[in-house]
Amino acid sequence: MFDLLFSYEVLRIIWWVLLGVLLIGFAIADGFDMGAAALLPLVTRTDDEKRVVINTVGPVWEGNQVWFILGGGAIFAAWPALYAVSFSGFYLAMFLVLFMLILRPVAFKYRSKRESAAWRRNWDIAITASGLVPPVIFGVAVGNALIGVPFTFDSDLRPGYEGGLFGLLNPPALLCGFVSLTMILAQGASWLQLKADDVIAERARQLGGHIAIGAAILFAVGGIFVAGGLLGGYQLQTVPDYAGASFPLSKLVLPSDTAWLNNYERAPILLLAPTLGVVGMLTAAFGFRARYAVLTFIASSIGIFGIIGTVGVSMFPFILPSSLDPNHSLMVFDASSSQATLRNMLVATTIFLPLILLYTAWVYKVLFGRITITDVKNADHAY
């Protein structure tokens, strides 16, 4: 059994799944941080109300960003070619994301250090921007992955990227950016409905219902574009060597307008992923309307799971297609680290990931309950 589990082809599949789990965990956990930050000017009226919103995420944002760190680390260690291409090609975009993720906690810390209204207003703008920008950029990156990224490898497997920052802002990618933004805003609204003072929770509830429906509609529109061949895709023409050494230049890949539908034809059970994306967001909209806070948060999280999962199962076994030379596309079976690296990482993950989950669950249990204006006024440690 262990020989099968630690076989090269199985390890590659496991790490493809784990990468998806880490990205989904980041979108669900840090997603409500970013969503709450982005909604700050829409759900608050007074300074005390703004402090309530900030303090709903203040104690947990650091732990939530562990998912982002783990995801980046997994890409670096398990898929080095993907890391090299994506982080060099999307360098300016990733730098902007990191700047925003750094700016957010700085704004949390410094916002209430002075009584000046202008001082606090400027930090509020920073907090809002830190919640809006990253989900849009992540969505745009996913959209570009779906249509192909302009990169190639030379004979020494050194990647070359020939795109530009503004070239990433094409219509399909922008659609994915809006899908990402609306699902994160819905997640943030569901968190505020669950954790914030009643007045703020009510405003978040009213906004969240519309946003969740918008996320479902935009996601469905994206599905229609894929079905209509408007987003394109790539089809592998040769049989991959599932257990062979990683070498991304030994295959034949051709563009295909309907390629991202092929996996659903082979395994209809995979239609569960897009179904969960739409149903999750629509159920969240119902939860907002019915004032079922816990149901809303769970449904929104399921919607995020379905939306991100849809991208993964649609593209498999592709990880990052190349629009310049499709034969240079990165795939699950030709872009991974060595078998020993994947095996050792899996052992470490099996030990430490459950500990992270247990600790996270304990933290949320300790911090369970709503944050009220009275709480932030009376607590010396509040932001």
Selection residues 18-33 - residue pairs positive for salt bridge (charged side-chain N to carboxylate O under 4.0 Å, His left out), sequence neighbours left out: D30-R104

Once salt bridge (charged side-chain N to carboxylate O under 4.0 Å, His left out) is applied, what residue pairs with a partner in residues 196-219 remain, sequence neighbours excluded? E49-R203, D198-R370, E202-R205, E202-R291

Check whether NZ of the Lys or CZ of the Arg R111 lies under 6.0 Å from the centre of the six-membered ring of F108 and within 45 degrees of that ring's axis. no

Please check if the side chain of [X] supplies one atom and the backbone of [Y] the other of a donor-acceptor pair under 3.5 Å.
X    : Y    : answer
R114 : R120 : no
T182 : F178 : yes
D156 : R158 : no

For the residue pair Y264 / S314, report whether a side-chain donor-acceptor contact shorter than 3.5 Å exists. yes

Once you measure the plane-to-plane angle for [X] and [Y], does it fall in the parallel (<30°), tilted (30-60°) or perpendicular (>60°) bin?
X    : Y    : value
F90  : Y161 : perpendicular
F138 : F26  : perpendicular
Y110 : W123 : parallel

Using 0.5 Å steps for rounding, measure from the [atom1] atom of [X] to the [atom2] atom of [Y].
X    : Y    : atom1 : atom2 : answer
M183 : I307 : CE    : CD1   : 5.5 Å
W16  : L19  : CH2   : CG    : 9.5 Å
L146 : Y234 : CG    : OH    : 10.0 Å
N344 : Q339 : CG    : CD    : 10.5 Å

Applying side chain to side chain contact (heavy atoms under 4.5 Å, CB included), run through L249 and N327 and close with a yes or a no. CA-CA 6 Å; L249 306 184; N327 296 332; over 6 Å; no

Take T283 and I302 through the test side chain to side chain contact (heavy atoms under 4.5 Å, CB included) and record every step on the way to the result. CA-CA 9 Å; T283 304; I302 291 173; over 6 Å; no

Do you know the tightest heavy-atom contact between S323 and I147? CB-O, 4.3 Å

What are the two closest non-hydrogen atoms of A37 and I127, and how far apart are they? CB-O, 3.4 Å

Please test F99 against V133 for side chain to side chain contact (heavy atoms under 4.5 Å, CB included), starting from the C-alpha separation and ending with a verdict. CA-CA 10 Å; F99 176 76; V133 173; over 6 Å; no

